[in-house]
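Counting from 1, the numbers follow the sequence of the chain as shown.
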Amino acid sequence: ALLHHMASNFTWVRKALNIFQLPRIKLNNLQDLPGAKQKPHRVGRGPGSGRGKTCGRGHKGQGQRNKKAVRIGFEGGQTPFYLTVPKHGFKNKFRVEYEPLNLGWLQYLIDSGRINASHPINMYTLKQAGAVGKIKHGIKLLGDGAEFFKAKVTIEVSKASQKAIDIVEANGGEISTSYYNKVGLRAHLKPEKYDDCVGLPRRALPKKKLMAYYLNPENRGYLLKEKGKERLKEGGIEGAYLGSDNRVHIPGKRVTLYSPPSPPQEIDKISESNTHETNKNIPTNGQQH
């Protein structure tokens, strides 16, 4: 009985659709479904239409004069609710957000051949490989997916978590954190923007608040690695530490990272030649033009 009932239902559906009897779709029989397009109401055509005189808007007031609805939150002129509630919290305009890069994603890029682990990896390499999106302030290496990370790499990023540092060094790799300001980061990511005659801009030191981070050996800061070792070679004394003035110190000697910039030699030669030529053209007291 159940099969007979189901068969009768299918027969009814087939008869209702009956696809073979439907007209063939052509350009001359294309039309909207019934009720898809309705005629607009004709207003202001006398009281017999039901929408005469006031056109269905009523007498006077905001609803009659305004074609559009009032904006969201408008309460007729009185102080709205969202203005009576005090403000809460604030947005720090000096907040610096780094592009995150997880170890699991880095291992995937290495396995897929988009990054060569045998060469040093920096932010330019990661940008070219499509590892991150738009880099505004830098890249921070995070430890998510550490159980899949097996590569031995030499990588340089802006910042790194302690877990990421431990995993990279446990695999025999090296990691360093470096600071780039806006100009330096642009030159690092897009060196083709700077032609050969101008050259790359000089790298800037971190701000005072970030100086302690890039001098801390736990963060693998580049200042202690590049600048500190050069200064420590002169004394040859171990036991360097970071003082309260954000400078590297060794017992009995102060090591500073701030050195006055030396002017380029090429510019000095050009200026000397220009001054020498101008001195030739200046007449002395006894000469006349």
Closest heavy-atom contact between [X] and [Y]?
| X | Y | result |
| --- | --- | --- |
| Phe149 | Leu106 | CE1-CD2, 3.9 Å |
| Met123 | Ser158 | SD-OG, 3.5 Å |
| Thr177 | Gly221 | OG1-CA, 3.4 Å |
| Leu185 | Lys136 | CD2-O, 3.6 Å |
| Ala160 | Ile175 | CB-CD1, 3.7 Å |
| Pro120 | Thr125 | O-OG1, 4.0 Å |

Please tell me if the side chains of [X] and [Y] come closer than 4.5 Å, counting only heavy atoms from C-beta onward.
| X | Y | answer |
| --- | --- | --- |
| His59 | Thr54 | yes |
| Pro100 | Lys140 | no |
| Phe74 | Arg71 | yes |

As an exercise, state the distance from [atom1] of [X] to [atom2] of [Y], rounded to the nearest 0.5 Å.
| X | Y | atom1 | atom2 | result |
| --- | --- | --- | --- | --- |
| Arg203 | His188 | CZ | NE2 | 8.0 Å |
| Glu75 | Leu83 | CD | CG | 9.0 Å |
| Lys87 | Tyr82 | NZ | OH | 12.0 Å |
| His137 | Tyr98 | NE2 | OH | 8.0 Å |
| Leu200 | Lys193 | CG | NZ | 14.0 Å |

key: Partner set under salt bridge (charged side-chain N to carboxylate O under 4.0 Å, His left out) for Arg42, not counting sequence neighbours   = none
inquiry  = I'd like to check the salt bridge (charged side-chain N to carboxylate O under 4.0 Å, His left out) partners of Glu192; sequence neighbours left out, ordered by chain and number.
reply    =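 Once residues adjacent in sequence are excluded, Glu192 has no partner under the salt bridge (charged side-chain N to carboxylate O under 4.0 Å, His left out) criterion.
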So, [X] side chain and [Y] main chain: donor-acceptor pair closer than 3.5 Å or not?
| X | Y | result |
| --- | --- | --- |
| Asn29 | Lys26 | yes |
| Arg45 | Val43 | yes |
| Lys127 | Gly133 | yes |
| Arg114 | Leu109 | no |
| Arg65 | Gly61 | yes |

ask   = Does Arg186 make a cation-pi contact with Tyr180, if we ask for NZ or CZ under 6.0 Å from the ring centre and within 45° of the axis?
value =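 No.
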request  = Take Ser178 and Glu156 through the side chain to side chain donor-acceptor pair (under 3.5 Å) test and state the conclusion after the steps.
outcome  = CA-CA 7 Å; Ser178 302; Glu156 179 191 33; 2.4 Å; yes
Answer yes if [X] and [Y] sit in the same cluster of Ile, Leu, Val, Met, Phe, Trp and Tyr residues linked by side chain heavy atoms under 4.5 Å apart, and no otherwise.
| X | Y | answer |
| --- | --- | --- |
| Tyr194 | Leu189 | no |
| Ile165 | Leu126 | yes |
| Phe148 | Ile110 | no |
| Leu27 | Ile25 | yes |
| Trp105 | Leu142 | no |

ask   = Between Glu174 and Thr154, is any side-chain donor less than 3.5 angstrom from a side-chain acceptor?
value = no
message = With a 4.0 Å cut-off on N to O distance, would you call Lys134 and Glu99 a salt bridge?
response =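 Salt bridge between Lys134 and Glu99, a charged N being under 4.0 Å from a carboxylate O: no.
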Qualifying residue for ring pair (Phe, Tyr, Trp, His ring centres under 6.0 Å) with Tyr222, from Tyr179, Tyr213, Tyr214 = Tyr214
Member of Asn171, Asp144, Val153, Leu141 meeting the side-chain contact (heavy atoms from CB on, under 4.5 Å) criterion with Leu103 = Leu141
Listed partners of His119 passing side chain to side chain donor-acceptor pair (under 3.5 Å), at least two apart = Asn116
